[in-house]
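Notes follow once the structure below has been shown.
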Amino acid sequence: MLLITSIIAAFLTIIFVKLSFAVIGLRRKNRVGLGSGGNEDLERAIRAQGNFAEYVPCGLILIACLELNGAPWWFVAIPGATLIIGRLIHAKGMNVPPPDFSKRVLGMMFTFGTLITLVILNLGWAVYKPFF
């Protein structure tokens, strides 16, 4: 069972749906069916959603791998929480005009830090777990 991964995925999906609704709302408001139509707010919303969709799947896969391979719950929960926090901070920085680069950078630092940590944890767990 992937109990921790399921909880993390649920929170991340809520964020993704919120980002998606923001894009849909701005498309309707600005009557733009495809692309951003040159609208800066819509472009920011599209990129916040797209950036989320680009990075979160790798994180979720690595989190699920840890849990499936029997890592302690906190090995799974802590990176999951930092991924959620990073994605929230990044989305907030993207969607506040003018874009808040400090929040975007902080959000990406959390995201990249989490992804790199998950790679290390997965490789370490795969190599050392058989010895325990």
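The side chain to side chain contact (heavy atoms under 4.5 Å, CB included) search around I78 returns W74, not counting sequence neighbours. Evaluation of the side chain to side chain contact (heavy atoms under 4.5 Å, CB included) rule for S6 yields L2 as partners, not counting sequence neighbours. For A77, the side chain to side chain contact (heavy atoms under 4.5 Å, CB included) partners at least two apart in sequence or on another chain are I4, W73. Partners of N51 according to the side-chain hydrogen bond (donor to acceptor under 3.5 Å, both in side chains) rule, which considers only residues two or more places apart in sequence or in another chain, are R87. Residues satisfying the side-chain hydrogen bond (donor to acceptor under 3.5 Å, both in side chains) test with D41, not counting sequence neighbours, are R44.
Looking at every heavy atom in both residues, A91 comes nearest to L19 through CB-CD2, 3.8 Å. Heavy atoms only, all atoms of each residue included: V76 and P79 are closest at O-CD, 3.5 Å. Smallest separation of non-hydrogen atoms from Q49 and S20: NE2-OG, 2.8 Å.
Interatomic distance, OG1 of T111 versus CD1 of I85, reported as 10.5 Å (0.5 Å rounding). Atom NZ of K103 is separated from atom CE of M94 by 14.0 Å, given to the nearest 0.5 angstrom.
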Could you go through residues 53-66 and list every donor-acceptor pair under 3.5 Å that involves a side-chain atom there, pairing it with any protein atom two or more places apart or in another chain?
{"unit_1": "E54", "atom_1": "OE1", "unit_2": "R47", "atom_2": "NH2", "d": "3.3"}
{"unit_1": "E54", "atom_1": "OE2", "unit_2": "R47", "atom_2": "NH2", "d": "3.2"}

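L106 and L115 fall into different hydrophobic clusters, where Ile, Leu, Val, Met, Phe, Trp and Tyr side chains are chained together by heavy-atom contacts under 4.5 Å. One hydrophobic cluster holds both F11 and L83 under the rule that ILVMFWY side chains link at heavy-atom gaps under 4.5 Å. Cluster membership for I120 and L118, using ILVMFWY side-chain heavy atoms within less than 4.5 angstrom, is not shared. M108 and F101 fall into different hydrophobic clusters, where Ile, Leu, Val, Met, Phe, Trp and Tyr residues are linked whenever their side-chain heavy atoms come under 4.5 Å apart, directly or through other members. The hydrophobic cluster containing F110 does not contain F52, counting ILVMFWY residues as joined when their side-chain heavy atoms lie under 4.5 angstrom apart, directly or transitively.
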